[in-house]
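In what follows, a structure is listed as structure tokens, so that the remarks can point back to it.
For reference, positions follow the sequence shown, starting with 1. Counting convention: from 1, in listed order, for ligands and their atoms alike. Computed from a predicted model, the values in this text were never measured in an experiment.
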Amino acid sequence: MSKEVRVRFAPSPTGPLHIGGVRTALYNYLFAKKHNGTFLIRIEDTDQTRFVPGAQEYIMESLRWAGIMPTEGPGLGGEYGPYVQSERQEMYKPYADLLIQNGHAYYAFDSSDELSSMRDNAKNAGMPNWQYNSITRSSMVNSLTLSSEEVQRRLDAGEPYVIRMKMPRNQDVRFEDLIRGWVVVNTNNLDDKVLFKSDGMPTYHLANIVDDHLMNISHVIRGEEWLPSAPLHILLYQAFEWEAPEFAHLPLLLRPDGNGKLSKRDGDRLGFPVFPLNWTTSEGELYSGYREAGYLPEAFINMLAFLGWNPGTPQELFNLDELTKAFSLERVSKSGAKFDADKTRWFQQQYLKALDNKTLGHELLAYYPTESEERLTKVAELMKERAVFVGDIVTEGDYLINKPTEYDEQTISKKWKDESPAIMKEWLNILSDIDDFTTVNVETAFKTYLENKGLGFGAAMPQFRLLLTGKGMGPGIFEIATFLGKTECISRMNAGLEVLK
Ligand code: GLU
């Protein structure tokens, strides 16, 4: 790539960041890293009516948690700041003026009442999609229909206005999207978008183009929902006589059944998070996040990378460095990516399994603050294979730390026979006599006992497990026994025999 790569993630702080947004940030991050470029974040808050307090902090925190922090942005430094559009407000007006001067934009004074009555009239006449465009503008109140004196008078009098793009008539706009190939749109299908409002604020379109230019952005990598805006953006670059960046529009994230876009409500409805972190709305409604659900950031990122991209090989587990090496926009698909909740859990399980026991043991300290890290490391080792989340180790394997308080009903009805108490009492006596209480010794003693009695495993093993753990299943029972230690085993067996008789 000849040009210096500079890419940006440009979220609007209108609420929590959806995982689709995190994926956009991730692909930008990977693309920048891969090409030794720069990944920056710009906050697009020109629409103050949609501003949500806390959203910007949430976005930054999400990227930090996911491990994909930009190197330029609010609070991060960089030479192209400020990186929040409302702090750049005074920069945009001269550009809007420039477009008016060179004939690519014009003032429009139509009030919102006038505009809605225009829409209503058109609707009644059988045209439901009235637009302010190259045809209709000639019958509206703007600097193309008013005399220049009248325009000046209105401006001087401080009458509200907007500045609109003067969309050329019947012109094909073409650009080559790095994912979709050639895109051609005729300007007759485009309207005269508002670029600037008399409240002094640019709209998204103008601010976005001006900033991408001033921030020297080489590639715009963003969601498919912005594809319809791209022709306008291309025309704006032409109007300013600036070189346009390359464009890459990422596929949508779809619901698991492929039926429509994954929306913010789908997650909690279908039982998985669609946000990176928990978010509580001002009405007190909670949207759950991956972090709080117990996902490891590495698993979350790996899963997200595969929603719309694949490496072209069977390998599925990629850490961030590996993703950086393998990533390319050529391998991003055009069609929407279906979210797969099972696959997401699978990624999490793989990453939990790959965590070393010491790290996991340390995590478990949060649940068992008075336990030694050494013991918790052993708990991790015993339970890891059966867990998806760290919390599962606690729910599934709490008996490793705390005595069972109840005994699994199903195992009792299937396995606890009339003769079970007598067998367990005999085995308890033998167990109490084992001097060197190692896994091998306990197992050998157990097997010898069964052989001598002519019993099968089924007559004693589940019963032994039930007494020690209260459960019907779990990791190797002899390992559990030695983890608990002889005294604890004896005490649990006695207690269990009291309850089960
Ligand atoms: N502010 C837009 C958004 O919220 C950015 C679109 C773009 O990347 O150009 O997604």
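In this pair, His249 and Phe247 present their aromatic rings parallel. The plane angle is below 30°, not in the 30 to 60° band. Relative ring orientation between Tyr95 and Trp242 is described as perpendicular, the plane-to-plane angle rising above 60° on a 0-90° scale split at 30° and 60°.
Atom 5 (C) of ligand 1 has its closest protein heavy atom at Ala10 O, 3.1 Å. Looking only at protein heavy atoms, the nearest one to atom 4 (O) of ligand 1 is Ser12 OG, 3.2 Å. Of all protein heavy atoms, the one closest to atom 10 (O) of ligand 1 is Trp226 NE1, 3.2 Å.
Shown are Tyr295, Phe306, Trp65, Phe347; of these, the ring pair (Phe, Tyr, Trp, His ring centres under 6.0 Å) with Phe300 is made only by Trp65. Under the side-chain hydrogen bond (donor to acceptor under 3.5 Å, both in side chains) rule, Tyr83 has a single partner from Glu72, Arg88, Arg8, which is Glu72.
Residue contacts with ligand 1, taken as heavy atom pairs separated by less than 4.0 Å, involve Tyr204 solely via side-chain atoms from C-beta onward.
With Arg8, His18, Glu44 as candidates, the residue nearest to atom 1 (N) of ligand 1 on a non-hydrogen basis is Glu44.
For the atom pair CG (Asp110) and OG1 (Thr145), the distance works out to 7.5 Å, reported to the nearest 0.5 Å.
For ligand 1, the atoms lying closer than 4.0 Å to a non-hydrogen atom of Asn208 are 7 (C), 9 (O).
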